[in-house]
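A short write-up of the structure that comes next.
Counting starts at 1 for both ligands and their atoms, in listed order.
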Amino acid sequence: MKNNISSFPNGFIWGAATASYQIEGAWDEDGKGESIWDRFSHTPGKTQNGDSGDIACDHYHRWHDDVAIMKELGLQAYRFSISWPRVLPAGLGEINQIGIDFYSNLVDALLEAGIEPYVTLYHWDLPQAMQDLGGWPERMIVDAFVEYSDVLSRALGDRVKHWITLNEPWVSAFVGYREGRHAPGHTDLDEAIAAAHHLLLSHGEAVPVIRANCPGASVGITLNLTPQEPASPSIADRKEANWVDGYINRWFLDALVGRGYPQDMVDGFGNTMEFVLPGDLDAISVPIDFLGVNYYTRGIARSNDVPEVDNLPPTVFRGDEITEMDWEVYPMGLYNILGRLHFDYGFPAIYITENGASFPDIITPEGQVDDTARLSYIQRHLAKVNETIQIGVPVKGYFVWSLFDNFEWAFGYSKRFGIVYVDYETQERILKSSASWYRKVIKRNSIDVNI
Ligand code: IFM
């Protein structure tokens, strides 16, 4: 009989993740400055139903109860992000001590509950004051980010031992400054490329500062990685897959490991890259303790460069199982990208800092949410994580996205990713089936298809 139990190595970290703007609310309370997401979501037409993070999950006021939920779930680690404008309302200069205290109290409560804090410094809520000076496309942002990292790592570094500088710099740069779907909503490729560079440089310059303030801490960066497969074996489709891979994945991975920016992409972007100054690429490739990986789906690349009739017929097709984000459920993509990160790039350690799925949730008359599709998604991805560990990939932990249903950026509250349901009217939290299942996984340090 097939053994359905996959055990994880001793010490494997089980966690859940959130981000400040998506859950905190209290957008203008206690001295917090405006962020680009406050400005963007308050601009008509930018988010679905005009939703904003003004209240979100009201975590700013309910954090104490929320930590109790984490403890009930048996979480070993909690990944959350700091709202930069909550602690430095203008982005730099004057510190808002109430903001620091909020995070400091949260960290204390987590540690008290036996939950290790994993802090992300930047998950997209740039102080609007910084954007008013040009934002990420301008080099001044690097010093500001380093100052912010210094302030935070001094304040929390005695207790926080795991730091993530940036969450998904591709999204900050290209979705925010080129595609315009995210704050600040610009549509300029050159701005986006400069933004990507200053994000990476900010990371590179912040790492030694964090290490100096928190001796022994482990410091990394989180990327959203989406492996690409050509739709057919044609040269055109393979080129397209390589291009999209360069755009989303290689641009960041290569720079981080000291390979510089991929030349094919530099040529393709047609950007002079004059904002890359001597020493920048060395700073960006500062050794990191781990890479954070956010994985949701794969891409299938079909070229527009040749007329469809001249291309080879597709051989790779999207599967039938699609999440509410219109993302294909494809666990093998996680296996593939993790293998590549280890065997091609050689990262010393990897955390899955996000993985999860949005599906419509229905509350039964008994007040339960039986989210079997989400549970199954997580389970199958964990199985692939386990397989990569078996072949030697150093995956050290897994953070489900997300602990709570929350504000899904331009989609507002229309998409639910949580393993804990949030009723936005009452702020009631309800553990979904996936949460109860995840609690057992954590307890047993294994996935078992029968539980
Ligand atoms: O909600 C986001 C998160 O903020 C960043 N990674 C992807 C998630 C789902 O879209």
Side-chain angles (χ1 to χ4, degrees), residues 15-25 27 35-38 40-41 46-48 51-53 56-57 59 78-84 118-126 164-176 179 181-184 196 199 220-227 248-249 252 291-299 322-330 333-334 337 350-361 371 373-374 377-378 381 398-422 424 434:
T18 65
S20 47
Y21 189 74
Q22 295 181 273
I23 66 161
E24 283 180 7
W27 76 280
S35 79
I36 55 172
W37 268 96
D38 294 317
F40 190 73
S41 64
K46 296 296 185 191
T47 64
Q48 201 163 323
D51 288 348
S52 75
C57 305
H59 173 73
Y78 174 49
R79 173 181 177 235
F80 63 98
S81 78
I82 309 281
S83 161
W84 181 351
Y118 281 62
V119 168
T120 304
L121 285 167
Y122 185 72
H123 196 129
W124 310 351
D125 39 2
L126 184 71
I164 295 165
T165 52
L166 305 176
N167 180 70
E168 303 183 7
W170 177 79
V171 175
S172 303
F174 289 99
V175 183
E179 300 182 9
R181 291 184 283 120
H182 277 195
L199 280 152
I221 182 172
T222 280
L223 303 180
N224 56 297
L225 296 171
T226 313
I248 300 178
N249 307 322
F252 296 89
L291 180 75
V293 175
N294 293 355
Y295 175 82
Y296 290 91
T297 190
R298 70 166 166 181
I322 307 292
T323 72
E324 212 184 8
M325 297 294 282
D326 198 27
W327 296 342
E328 180 192 10
V329 178
Y330 192 68
L334 180 56
I337 197 76
I350 296 169
Y351 287 93
I352 310 301
T353 40
E354 287 181 27
N355 176 240
S358 166
F359 290 107
D361 286 319
D371 60 335
R374 181 176 296 102
Y377 177 102
I378 298 169
H381 284 77
Y398 177 92
F399 293 77
V400 68
W401 183 270
S402 177
L403 176 59
F404 299 118
D405 292 333
N406 58 48
F407 176 80
E408 179 55 23
W409 308 108
F411 294 98
Y413 296 98
S414 67
K415 309 280 183 257
R416 292 180 179 271
F417 275 89
I419 56 170
V420 176
Y421 185 91
V422 176
Y424 297 112
S434 57

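- Classified by interplanar angle (parallel below 30°, tilted 30° to 60°, perpendicular above 60°), the ring pair Trp401/His123 is parallel.
- Both cation-pi conditions hold for Arg416 and Tyr421: the charged atom is under 6.0 angstrom from the six-membered ring centre and inside a 45 degree cone around its axis.
- At a heavy-atom cutoff of 4.0 Å, ligand 1 is surrounded by Gln22, His123, Trp124, Asn167, Glu168, Tyr296, Trp327, Glu354, Trp401, Glu408, Trp409, Phe417.
- When side chains are defined from C-beta on, Tyr351 does not count as touching Tyr398, because their heavy atoms never get closer than 4.5 Å.
- Contact record, Leu225 with Ile337: CB-CG1, 3.9 Å, taken as the closest heavy-atom pair.
- Taking the six-membered ring for Trp and the full ring otherwise, Trp37 and Trp27 have centroids separated by 6.0 Å or more.
- Using a 4.0 Å cut-off between charged nitrogen and carboxylate oxygen, Glu354 and Arg79 count as a salt-bridge pair.
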